[in-house]
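I have placed the structure first, in the form of structure tokens, so that the comments after it can refer back to it.
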Amino acid sequence: MQPHKANPPSSKRPATLVSDREQLLASAAGDVVRDLRASAVTVFLKVPGVPELHAAAAALTAMGVGALERIALDDLSYASSRAWRSGRVEVGSNVEILAGNPNQTVFASFPLEAAAAPLFSPSRRFGTLTAFWQRAGVEATEPERQRLAAAAASLARDLDRLADHGLSLVPPGVPYVVAAEDPVAGGEGRASASIALIYHLHRLAMLLASAVHPQEVVERTVQRVVDGLWARAALFCLLDTDRLTVAGAQGCAGAFIRAINGSPLGQCGPEGEAMRLQQQLVYGPADLRTAGRLSEPLSGQDCFWVVLPLLAGHRAVGALSMAFGSERQDIIAGQGPLTALATAVGQAVERTRMDEVRHALADDLQHALLPPVLPQPAGVVSTSRYASATSGMDLGGDWYDLITLPENRLVMVIGDVQGHNTAAAVVMGELRSAVRAYAAEGHDPAVVLSRANQLLIGLDTGLFATCCCAWLDPDTGRAQLATAGHPPPLLRTADGRMPPVLAEAGIPLGIDLQATYTVTDLFLQPGTLLAFYTDGLGGVGGDVDPAAVRAAFDEPGNLESVGDRLIRGFSKSLPRHADDAALLLVGYEGPSADAQRNVRQLHIHRRDLHGAQRTRRLVREWLEGWELSTMADDEELLVSEVVTNGLVHGDSDVYVYVRRYPERIRVEVRDSDPHLAQAVTVPREEDQAEGGRGLVIVSALASAWGNSPSGRGKTVWFEIPTPDSRDTEV
């Protein structure tokens with residue numbers, strides 16, 4: 001296969017272009033294939049700042065089309081990673097690879113032997129030169145290892161010269177792959193010329209299998225087509241009802257993209273025709289139907305276009321169009337590989353689209369069953385977090401609630417229904433409603449759990465649930481707690497201690513009709529923080545990391561910051577968590593009679609056109625009542641911006657809480673829109689002239705501010721120091 005790139009440079013002349021570098025690497029790999037009669041040879045280069053080797057170039061025979069592209073340096077099941085560490089030739093086999101990487105079955109399911117030599121110069125470590133053989137139980141002989149080491153040393157000297165001339169040695173996103181002359185069959189006939197094409201289709205199919213979102217399918221396909229198949233340009237369109245939308249493009253003219261994006265299917269020329277006929281179409285360089293498609297740097301080149309319908313079953317879901325130079329006529333020599341490409345991409349698009357719709361519906365259902373905004377009674381501050389599972393159904397039975405009772409009492413609830421499906425979510429909604437009703441009747445936590453248990457058994461769902469229920473009187477700090485198979489909350493005192501909450505755990509709800517639950521009495525001092533959580537936050541086993549929790553509690557910040565740190569730590573430690581996680585944080589600030597003098601709140605209906613104006617007036621009145629009228633101008637401006645942002649962009653009711661502390665005024669604006677507010681310095685077209693700039697103003701004037709998702713909605717908060725605290729700082 002002869003791409004449109006330059007001929008390989010002589011080893012006596014340093015490469016000066018990236019294409020020269022790629023040809024140099026591929027030429028060296030090809031020499032080793034022929035010398036060692038290998039199936040494939042790959043040049044791996046180290047990725048800067050990442051402990052990985054990525055394939056930069058490879059030379060393949062027909063038996064080497066499954067070559068690796070990425071190797072973790074800490075994975076010693078690969079000969080390449082061991083060679084990088086030891087600095088000498090290392091050997092390996094498919095048995096070792098599969099023992100440490102069962103997911104590599106497609107690559108190493110057949111007998112495979114490997115030898116890797118380090119690409120090291122006296123001053124630099126570049127990567128490895130790795131050879132693969134399709135044979136079993138036959139390690140590389142000593143002469144083979146010596147020849148591989150000599151080839152690696154020669155290539156390392158060439159790479160050293162490239163580095164001295166300033167040429168980048170960062171591995172590309174897609175390796176440069178060429179077909180090496182088969183040392184057994186000899187020659188580079190048509191079968192040999194298709195090896196690189198088959199290799200890239202094989203790799204793309206593996207990458208698409210792990211794609212989660214349609215955009216991942218688009219990006220991976222376009223990158224592989226342009227960088228792997230050497231297409232001059234690529235256009236990826238998806239069918240949306242009866243119109244085509246451009247999901248990705250490279251090398252295409254902007255005017256052409258704008259013209260086809262959103263066009264009716266019948267007016268989309270080659271793409272529409274290919275989808276209607278459900279077959280591959282080819283358009284020559286002189287065909288007017290593809291004129292004007294290439295971007296300015298490519299517009300003068302003679303290219304033919306290949307248009308593939310992306311099929312999912314018997315239905316076209318989009319089209320992939322590719323422009324190639326005349327030297328790539330081999331790409332259309334046989335329709336088999338490109339048909340396989342269209343089928344793999346089309347099925348990946350359909351699968352990820354369906355998953356995205358399913359996850360969106362599940363997420364909407366989950367959030368609809370959670371409280372939109374938590375109440376903030378005097379003496380108590382609260383926030384919540386919810387993280388959906390990122391594997392499986394993305395739907396769980398975790399829930400939390402904060403219920404206000406007469407006489408300013410408060411009930412805190414968190415629970416987890418068994419399962420990750422619609423049934424679990426429905427049962428969760430029923431339990432949440434029942435617990436609210438039982439708590440509103442004035443029952444203590446043990447009775448609430450007992451009645452919820454009887455209800456769940458009566459529903460006959462076959463599911464069980466864990467639950468923790470607590471009652472708090474802010475006037476006295478007295479609290480009661482009962483659990484049904486659920487961990488008790490974490491407790492942090494005002495002086496930083498974290499004593500264990502010793503509560504007797506009953507059996508989960510839904511198992512034993514006669515189950516009873518025990519109340520544990522607590523007395524909270526002002527400044528105490530309670531953290532209720534579900535087992536998803538703790539990962540496998542359901543136990544949270546005490547050190548991580550203590551670090552989140554001890555780091556300076558407010559309750560919103562603590563919630564952000566805890567849920568962020570969960571997401572980082574479990575990137576593909578199979579369970580959802582809920583978190584309810586409740587801070588007890590002191591007797592409500594005292595707190596009422598320092599807390600003001602306002603509820604604004606989403607359709608209240610005068611909500612922002614009313615908020616400004618009340619904020620000024622509240623500050624004057626606290627003898628802080630000198631702060632009114634800044635506070636009015638900031639709260640008006642944030643409230644307006646919530647009403648206009650959140651499309652939900654807005655709740656405003658203003659809290660006075662000795663050294664600062666804190667404002668919290670909560671709504672039920674889960675999308676974070678964005679600080680926009682350039683107004684969007686759909687906004688008014690100054691729209692979207694509210695958070696920029698908040699960032700400039702507030703001493704601290706935050707923007708946190710809180711379960712079903714979000715909280716935007718900011719703080720401004722009081723005049724007395726400013727004087728103290730001076």
Under the salt bridge (Lys or Arg N to Asp or Glu O under 4.0 Å) test, residues paired with D240 that sit two or more places apart:
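In terms of salt bridge (Lys or Arg N to Asp or Glu O under 4.0 Å), with neighbours along the sequence ignored, D240 is linked to no residue.
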
Which pair of heavy atoms, one from [X] and one from [Y], lies closest together, and at what distance?
{"X": "A612", "Y": "T644", "answer": "CB-OG1, 3.6 Å"}
{"X": "A452", "Y": "Y438", "answer": "N-CE1, 3.7 Å"}
{"X": "L405", "Y": "A439", "answer": "CD2-O, 3.5 Å"}
{"X": "A434", "Y": "L455", "answer": "CB-CD2, 3.2 Å"}
{"X": "C467", "Y": "L509", "answer": "CB-CD1, 3.9 Å"}
{"X": "V619", "Y": "V658", "answer": "CG2-CG2, 4.5 Å"}

Presence of salt bridge, [Y] and [X], under 4.0 angstrom:
{"X": "R432", "Y": "E430", "answer": "no"}
{"X": "R385", "Y": "E560", "answer": "yes"}
{"X": "D633", "Y": "R620", "answer": "yes"}

Testing R666, R659, R660 for salt bridge (Lys or Arg N to Asp or Glu O under 4.0 Å) with E719, which one passes?
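Result for salt bridge (Lys or Arg N to Asp or Glu O under 4.0 Å) with E719: R666.
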
Beyond-backbone contact of D416 with D535, side-chain heavy atoms, under 4.5 angstrom
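Yes, side chains in contact.
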
Under 4.5 Å between any side-chain heavy atoms of E356 and R353, yes or no?
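No, side chains not in contact.
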
With side-chain hydrogen bond (donor to acceptor under 3.5 Å, both in side chains) as the test, would you mind laying out the steps for S384 and Y400 before giving the verdict?
CA-CA 8 Å; S384 59; Y400 57 85; 3.2 Å; yes

Please evaluate residues D608 and R614 with respect to the criterion salt bridge (charged side-chain N to carboxylate O under 4.0 Å, His left out), reporting the C-alpha separation (whole Å), side-chain torsions for both, the decisive distance (0.1 Å), and the verdict.
CA-CA 10 Å; D608 186 352; R614 185 155 52 94; 2.6 Å; yes

Can you tell me how far apart [atom1] ([X]) and [atom2] ([Y]) are? Round to the nearest 0.5 Å.
{"X": "R670", "Y": "T383", "atom1": "CZ", "atom2": "OG1", "answer": "5.0 Å"}
{"X": "L402", "Y": "L472", "atom1": "CG", "atom2": "CG", "answer": "9.5 Å"}
{"X": "I403", "Y": "W471", "atom1": "CD1", "atom2": "CH2", "answer": "14.0 Å"}
{"X": "Q480", "Y": "R409", "atom1": "CD", "atom2": "CZ", "answer": "10.0 Å"}
{"X": "L431", "Y": "R436", "atom1": "CG", "atom2": "CZ", "answer": "14.0 Å"}

With a 3.5 Å cut-off and no angle check, do the side chains of S382 and Q376 form a donor-acceptor pair?
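Side-chain D/A pair, S382 to Q376: present.
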
Have D398 and T534 got a donor and an acceptor in their side chains that come within less than 3.5 Å?
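Side chains of D398 and T534: pair found under 3.5 Å.
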
What residues form a side chain to side chain contact (heavy atoms under 4.5 Å, CB included) with A505, not counting sequence neighbours?
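With sequence neighbours excluded, A505 shows a side chain to side chain contact (heavy atoms under 4.5 Å, CB included) to T483, given in chain and number order.
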
Once side chain to side chain contact (heavy atoms under 4.5 Å, CB included) is applied, do any residues pair with P489, and if so which ones, sequence neighbours excluded?
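Side chain to side chain contact (heavy atoms under 4.5 Å, CB included) list for P489, sorted by chain: C468, L481, L530, F532.
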
Contacts under 3.5 angstrom, residues 457-466 side chains, donor-acceptor by atom type, not counting sequence neighbours:
| unit_1 | atom_1 | unit_2 | atom_2 | d |
| --- | --- | --- | --- | --- |
| T461 | OG1 | L463 | N | 3.2 |
| T466 | OG1 | H486 | ND1 | 2.9 |

Could you give all pairs that pass the salt bridge (Lys or Arg N to Asp or Glu O under 4.0 Å) test and reach residues 517-532, with sequence neighbours left out?
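Applying salt bridge (Lys or Arg N to Asp or Glu O under 4.0 Å) to every pair that reaches into residues 517-532, excluding sequence neighbours, yields nothing.
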
Just to verify, what does [X] make a side chain to side chain donor-acceptor pair (under 3.5 Å) with, not counting sequence neighbours?
{"X": "T476", "answer": "D473"}
{"X": "T615", "answer": "none"}
{"X": "E635", "answer": "none"}
{"X": "S640", "answer": "R616"}

Sub-3.5 Å donor-acceptor pair from the side chain of E216 to the main-chain atoms of V212, do we have one?
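The answer is yes, because a donor-acceptor pair under 3.5 Å joins these two groups.
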
Between Y588 and P474, is there a donor-acceptor pair closer than 3.5 Å when you use the side chain of the first and the backbone of the second?
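Flag set: sc Y588 to bb P474 pair under 3.5 Å.
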
By the side-chain hydrogen bond (donor to acceptor under 3.5 Å, both in side chains) test, which pairs, at least two apart or in different chains, include something from residues 502-516?
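Residue pairs passing side-chain hydrogen bond (donor to acceptor under 3.5 Å, both in side chains), neighbours aside: none found.
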
Test side-chain contact (heavy atoms from CB on, under 4.5 Å) on L623 and S629 and set out the steps.
CA-CA 5 Å; L623 291 173; S629 56; 5.6 Å; no

Could I get the full list of ring pair (Phe, Tyr, Trp, His ring centres under 6.0 Å) partners for H603, not counting sequence neighbours?
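With sequence neighbours excluded, H603 shows a ring pair (Phe, Tyr, Trp, His ring centres under 6.0 Å) to Y655, given in chain and number order.
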
Between W399 and V417, is the side-chain contact (heavy atoms from CB on, under 4.5 Å) condition met? List the steps.
CA-CA 8 Å; W399 93 93; V417 179; 4.1 Å; yes

If the test is side chain to side chain contact (heavy atoms under 4.5 Å, CB included), which one of V669, L637, V656, I697 qualifies with V642?
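Option passing the side chain to side chain contact (heavy atoms under 4.5 Å, CB included) with V642: V669.
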
When the side chains of residues 443-451 are checked against the rest of the protein, which donor-acceptor pairs come out under 3.5 Å, sequence neighbours left out?
| unit_1 | atom_1 | unit_2 | atom_2 | d |
| --- | --- | --- | --- | --- |
| H443 | NE2 | E441 | OE1 | 2.8 |
| H443 | NE2 | R451 | NH1 | 3.3 |
| D444 | OD1 | A446 | N | 3.0 |
| D444 | OD1 | V447 | N | 2.9 |
| R451 | NH1 | E441 | OE1 | 3.3 |

